[in-house]
Each structure stands twice: as structure tokens, then as C-alpha cells.
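By convention here, the first residue in the shown sequence is residue 1. Numbering of ligands and ligand atoms starts at 1, following listing order. Computed from a prediction, not measured in an experiment: that's the story for all the values here. Reckoned from all heavy atoms, side chains included, excluding hydrogens, waters and symmetry mates.
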Amino acid sequence: TPRILSGMQPTHDSLHLGNYLGAQVNWVRMQRDFDAFFCVVDQHALTVNPEPEDLRNRTRITAAQYLAGGIDPDVSTVFVQSHVPEHSQLAWVLNCITGYGEAARMTQFKDKSSKRGTEGTNVGLFTYPMLMAADILLYDATAVPVGEDQRQHLELTRDLAQRFNARYGETFVVPDAHIPEGTAKVMSLQEPTAKMSKSAANQNGNLMMLDETKVNTKKIKSAVTDTDNAVRYDVEAKPGIANLLRIHSALSGDSIDALVERYAGENKYGALKTDVAALVADVQAPFKARVEELLADPAELDRILARGAERARSVAAVVLEKAYNAVGFIPAA
Ligand code: TYM
């Protein structure tokens, strides 16, 4: 069976609706058709220098959210990046075939480093995409289910795989990004032309999966829309309404056209918001309950992660060995 791999950074306690709709829904959909690997990328999260206790808690809570969202650890391999040392080992090799300019062109790096300045930017942020490429290439993944914001990193991963194969012989599978149609970029409720983002200045734009339902309902009711008062799907003129329609459609399964028809006429923004809030509450309730259950038994969660790491290593070690041999590292014994 072909493989897939994806991951999320444990930088916060809760995933947001963008993580859920942009990535996790596809993970769940794909897990039975692929040999699926889902990694909590704690090494990537270290680039923001979290408190150790926060990183520990968030790594477990992120893993718990993978499972709560529908990842079945008996079907998929769920593991923590730092448990599989092959990721950093391959990342070094990939660093050595990546151009400095090529890495400097990554828009996520440019955004983050321009906010932090040269002194505030650690080198981990710069080499981040090559670690991500290693995550993917170690599993011969053919597809990588992610949101739109990861497209450029996936392009780099493909370039590095092709470059390595051309220079050292066929070693890596060249992966494709698997980006959903309607929910590739869930927007901020407060700034609907910018993506919903854990690091956004205005957290009122984010719907956090583990927040109280009433907090999210309030955020949805005060979502920025426009002064016109008719529901239409117009991304340019009505980005806030378009975002709410896409969220509704993803959660309800109804088409955008059907929704536009349903909310036709004047003054239906309130009705649309009320319905979106109810749909979000419906996914949140079981999700939160399951996370609480899982966190109540951290030993069991750690056992699942240990099992996942063992399975992941058995795959990653083989690919790393191939890559090590290809570049001319001699075997240890
Ligand atoms: P991260 O942790 O920022 O986000 C996790 C996933 O959520 C998606 N996403 C969104 N999708 C739609 N709308 C949004 N507003 C939105 N915000 C986030 C992301 O695209 C991602 O799929 N570099 C990655 C983590 C990573 C990874 C990997 C992913 C490390 N190694 C290997 C895939 C494969 C990241 O920072 O995702």
C-alpha cells in the first residue's frame, strides 16, 4: 500500500479549525486507503523555544487531538518526531544539498525572520523545511495531506528528492501535496483575507478546537463580514461571508450553491452565523470529550506513541540507510 505522512507542530494546546479542516479531515479520510504516518513534530516546535514543560504537555495534547479527530492508532502510525532520530539524521544530509538562496526564499521563513529580526531568528527556523522534507522522504510517502500554506515546503521537498536521486541514484519517492478543495485555507474570522493562524496577533479570529463552545460561538457571531447584507459567494468582495460559507459547507456537507440559496434574501448573516456556530459546536463536543478521556490516561497515550515510534523507526531506518550509503557514508560495522 502506498504511504502518506503528515504532521502538526505542538506549539499550542489546541488545534484550530484550520488545522482540523485543512489537514486532519483528510488524514482521517485517507488513513484506510494508505499506510498512514502521523507525526507530532516536536522538533519543529522547538524553533519557537517553548518552555520545556509546555512542549511536553503540548506534544501529548496534540497526539490526543490526532486520535480525538478520528485517527485510529490501530490503523495508522501515530508517533513523536524526536522519538525517531532518523529524522534529524536525514535532515542533515538534505541540508547539504539545499542552496542557501533556495532556503532563504521560503516565504514562511521570510515572514517569521522579518518579524523577529536577525538576532531573534534561530538557525532552526532556517533549516526547518529540510527537516520537514526528511519527515516525508523517510517514509517513501507518495502523498502529503496539508493545507495551502505548506505548498511551498512540499515543492522544496520534491526538488530535494529529485536532486538527490539525480546526484546519488534513485533513493527517494517524490511526494505530491494533497491539498483539499474548499478548506485549503481557512481564514481568520477577524481578518478574512489572512489565514487562521496560531501565531496571529488577533486570537479572536481563531476557532480553537478545545475552547469552550460559548467562546467560539461568540467569535463566530462577531466575525467580520461586510456592509452589504445579502449572502453571496464572492471571495473578493465578501471574504468574510465566503469563509463562513466554506466552513459551513465543509462541516455540513452541503454545497456552497445550496447554502447560498438557503440564506438568500436580506439580513441572513445572523442566521448563517448561528448555523455555523451550531456546526462547530457539534464537532467540538465529541472531540473535546475524547481528548479529556485520552489525557486522563497519559500512560496509555505514551504506550500508543511508543508503539508508533517503533513502527516508524522500522520504516525510516531502511530509507536512511539507503541514503547514507548513497552519499558515501561507510557502515559502522
Ligand atoms: P502547522 O502545525 O502549522 O499546521 C498543521 C496543518 O494545518 C494546516 N493549516 C491550515 N489549513 C487550512 N487553513 C488554515 N488556516 C491552516 N493553518 C494550518 C497546515 O497546512 C498543516 O497541514 N510545517 C508543518 C508541519 C510539518 C509537516 C511535516 C506537515 C512538519 N513536518 C511533514 C506535513 C509533512 C506546519 O507547520 O504545520
*Check step by step if ring-ring contact (aromatic ring centres under 6.0 Å, His included) holds for Phe109 and Phe126.*
CA-CA 6 Å; Phe109 172 73; Phe126 187 67; 5.0 Å; yes
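Using modelled atom types and a 3.5 Å distance limit, the side chains of Gln24 and Asn19 yield no donor-acceptor pair.
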Validation: residues 137-147 side-chain donor-acceptor distances under 3.5 Å, sequence neighbours left out:
unit_1	atom_1	unit_2	atom_2	d
Tyr139	OH	His87	NE2	2.9
Thr142	OG1	Arg3	O	3.2

Name every donor-acceptor pair, under 3.5 Å, that has one atom in a side chain of residues 312-322 and the other anywhere in the protein, sequence neighbours excluded.
unit_1	atom_1	unit_2	atom_2	d
Arg313	NE	Glu86	OE1	3.3
Arg313	NE	Glu86	OE2	3.4
Arg313	NH2	Glu86	OE2	3.3
Ser314	OG	Arg311	O	2.7
Lys322	NZ	Thr171	O	3.4

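Using a heavy-atom distance under 4.0 Å as the criterion, the protein contacts of ligand 1 are Leu5, Ser6, Gly7, Met8, Gln9, His16, Gly18, Asn19, Gly22, Ala23, Val41, His44, Tyr128, Met132, Asp135, Ile136, Val144, Val146, Gly147, Asp149, Gln150, Thr183, Ala184, Lys185, Val186, Lys195, Met196, Lys198.
In terms of the ring pair (Phe, Tyr, Trp, His ring centres under 6.0 Å) criterion, residue partners of Tyr324 (sequence neighbours excluded) are, by chain and number, Phe329.
Atom CD of Glu310 has 12 or fewer heavy atoms from other residues, nucleotides or ligands within 6.0 Å.
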